[in-house]
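Take a look at the structure below.
Nothing fancy with the numbering, it's 1 onward along the sequence.
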Amino acid sequence: MRPRARSTGWWSLAGEDTRSFWVAEPNRGEIRPETLRRAAADEAVVRTLFSGISRGTETLVFTGAVPKSEHERMRAPFQAGAFPAPVKYGYSNVGIVESGPAALVGRHVFCLYPHQTRYVVPAAALHVLPTSVPPARAVLAANLETAVNGLWDAAPRVGDRIAVVGAGTVGCLVAWLAARTPGAEVQLVDIDARKCAIAAELGVAFELATSAARDADLVVHTSGTEAGLATSLELAGFEATVLELSWYGARRPAVALGEAFHSRRLTLKSSQVGAVAAAQRARWTTTRRMQLALRLLADPKLDALISGESAFEDLPRVLARLAAPSEYTLCHRIKYS
């Protein structure tokens with residue numbers, strides 16, 4: 001049963017404590033108490049059920065590796081504080097609306113909000129989950145939106161040989177989507193043989209980097225490593241496109257633009273989810289794109305991408321652990337009591 005809608009849009013949980021996760025300084029996080037502000041008539045109060053850690057970006061934030069030139073462009077929609085620290089950062093939050101517009105009260109929603117137990121946001125910032133998508137799976141929405149936008153930029157064609165280098169969460173989602181292209185031959189490439197099991201769950205072929213097929217029509221790189229980018233260039237065929245979906249933060253990877261890069265007439269193209277891909281921009285908004293990502297999450301196969309779950313209270317220790325290069329994880333889900 002849904003909670004009863006309040007008689008006035010100005011009611012809120014103002015004065016009740018909430019708790020949020022902050023990067024207090026590079027490599028150290030902490031949970032801080034906050035007080036909810038009063039919600040306006042067009043806002044909603046949300047109680048968080050789950051949040052997801054976007055490992056690539058969030059570990060760069062946690063370690064203070066966001067370059068100064070990107071401090072403004074890399075701000076999350078509801079970020080508090082500033083890079084490098086203290087900063088409250090995150091953009092994968094799933095909760096239930098406790099008060100606000102009557103049409104939203106009691107609905108499960110996704111929001112690009114940091115890790116926090118309760119929060120107040122404009123109602124327009126909330127995306128209602130389809131009934132076919134369980135809240136626990138919806139933490140993948142932001143990563144899937146990135147994968148959708150990346151494939152729009154990459155523009156795979158019917159029958160293409162497609163290599164996706166880097167079997168992290170985004171890479172797995174790109175491969176899963178690309179495999180739906182009619183006639184496409186998709187291989188998910190990684191240096192970790194353990195990722196083979198995830199590829200099998202998603203119905204995608206897996207290859208180690210040392211044995212991956214060359215001469216690909218399209219390569220999508222998501223590993224976030226210099227070695228992965230080098231592998232991507234090696235796998236690309238004549239006049240192929242290598243789409244770069246990784247973000248390196250302050251690092252400056254060396255790119256092998258000598259050897260056969262020019263003779264094979266390769267295209268190295270960037271993609272970033274902050275703007276809708278140019279080919280779709282005239283008709284698609286970020287809201288429509290997110291709604292598409294949420295509909296696609298109806299596939300239960302995607303549960304395989306949740307590689308772990310921890311309580312909200314453990315988040316400072318969890319992010320410190322995930323920042324270690326040797327840590328194996330895909331999407332790590334945070335559960336709120």
Spacing of [X] atom [atom1] and [Y] atom [atom2] [to the nearest 0.5 Å]:
X      : Y      : atom1 : atom2 : result
Cys331 : Leu144 : SG    : CG    : 11.5 Å
Leu245 : Ser271 : CG    : OG    : 4.5 Å
Asp190 : Leu208 : CG    : CG    : 8.0 Å
Thr267 : Leu218 : OG1   : CG    : 10.5 Å
Leu292 : Met290 : CG    : CE    : 10.5 Å
Cys196 : Leu188 : SG    : CG    : 9.5 Å

Salt bridge check: are [X] and [Y] linked by an N-O gap of less than 4.0 Å?
X      : Y      : answer
Arg214 : Glu234 : yes
Arg137 : Asp299 : no
Glu185 : Arg161 : no
Arg157 : Asp217 : no
Glu43  : Arg38  : no
Glu313 : Arg19  : yes
Arg28  : Glu30  : yes
Lys195 : Asp192 : no

Is a side-chain donor or acceptor of [X] paired with a backbone partner of [Y] at a separation under 3.5 angstrom?
X      : Y      : answer
Ser211 : Glu207 : no
Gln79  : Ala76  : yes
Ser51  : Asn93  : no
Arg55  : Leu322 : yes
Ser307 : Leu330 : yes
Asn149 : Ala277 : yes
Arg288 : Arg283 : yes
Arg264 : Leu233 : yes
His71  : Val66  : yes
Gln187 : Ile162 : no

For [X] and [Y], work out which heavy atoms get closest and say how close.
X      : Y      : value
Leu235 : Ala213 : CD2-O, 3.6 Å
Phe206 : Ala199 : CB-CB, 3.7 Å
Val242 : Ala236 : CG2-CB, 3.8 Å
Ala209 : Ile191 : CB-CG2, 4.1 Å
Pro67  : Ala250 : CD-N, 3.6 Å
Pro101 : Ala41  : CG-O, 4.5 Å

Ignoring hydrogens and angles, state whether a donor on the side chain of [X] or [Y] is under 3.5 Å from an acceptor on the partner side chain.
X      : Y      : value
Glu58  : His115 : yes
His221 : Ser223 : yes
Thr287 : Thr285 : no
Thr48  : Thr117 : no

In one Ile/Leu/Val/Met/Phe/Trp/Tyr side-chain cluster, 4.5 Å: [X], [Y]:
X      : Y      : answer
Val170 : Leu243 : yes
Trp22  : Val61  : no
Leu49  : Phe21  : yes
Val219 : Val186 : no
Val189 : Leu177 : no

| From CA spacing to verdict: side-chain contact (heavy atoms from CB on, under 4.5 Å), Val121, Tyr119 | CA-CA 7 Å; Val121 288; Tyr119 54 94; 3.5 Å; yes

| Is it true that the NZ or CZ of Arg281 lies under 6.0 Å from the centre of Trp284's six-membered ring and within 45 degrees of the ring axis? |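 No, cation not above the ring by the 6.0 Å, 45° rule.
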
| said: Apply side-chain contact (heavy atoms from CB on, under 4.5 Å) to residues Phe110 and Leu126 and explain how you reach the verdict. | reply: CA-CA 6 Å; Phe110 178 88; Leu126 300 175; over 6 Å; no

Hey, are the side chains of [X] and [Y] touching, using non-hydrogen atoms and a 4.5 Å cut-off?
X      : Y      : result
Val164 : Val204 : no
Val220 : Val165 : no
Leu173 : Leu302 : yes
Val273 : Arg289 : yes
Met74  : Thr57  : yes
Gln116 : Phe78  : no
Val97  : Val45  : no
Arg251 : Glu226 : no

| query | For Tyr89, what residues pass the ring-ring contact (aromatic ring centres under 6.0 Å, His included) criterion, not counting sequence neighbours? | reply |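 Phe83, Tyr91.
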
| said: I'd like to know whether Ser310 forms a side-chain contact (heavy atoms from CB on, under 4.5 Å) with Leu315, so could you lay out the CA-CA distance, the side-chain angles of the two residues, the decisive distance to 0.1 Å, and finally the verdict. | reply: CA-CA 7 Å; Ser310 300; Leu315 189 46; over 6 Å; no

| said: So for atom CD, which belongs to Glu259, do other residues, nucleotides or ligands contribute more than 12 heavy atoms lying within a distance under 6.0 Å? | reply: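 Counting neighbours around CD of Glu259, 12 or fewer heavy atoms of other residues, nucleotides or ligands fall under 6.0 Å, so no.
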
| said: I'd like to know whether CG of Leu268 has more than 12 heavy-atom contacts from other residues, nucleotides or ligands below 6.0 angstrom. | reply: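 Yes, the 6.0 Å shell around CG holds more than 12 heavy atoms from other groups.
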
| task | Before giving the answer on side-chain contact (heavy atoms from CB on, under 4.5 Å), spell out for Val109 and His127 the whole-Å C-alpha distance, their side-chain angles and the decisive distance to 0.1 Å. | result | CA-CA 5 Å; Val109 292; His127 302 272; over 6 Å; no

| task | In sequence, state the C-alpha distance, the side-chain angles, and the governing distance for Tyr113 and Ser92, and then conclude on side chain to side chain donor-acceptor pair (under 3.5 Å). | result | CA-CA 6 Å; Tyr113 203 87; Ser92 186; over 6 Å; no

| message | Determine whether Lys88 and Glu34 satisfy the following criterion, salt bridge (Lys or Arg N to Asp or Glu O under 4.0 Å), listing intermediate values before the conclusion. | response | CA-CA 12 Å; Lys88 179 171 69 175; Glu34 296 189 31; 3.3 Å; yes

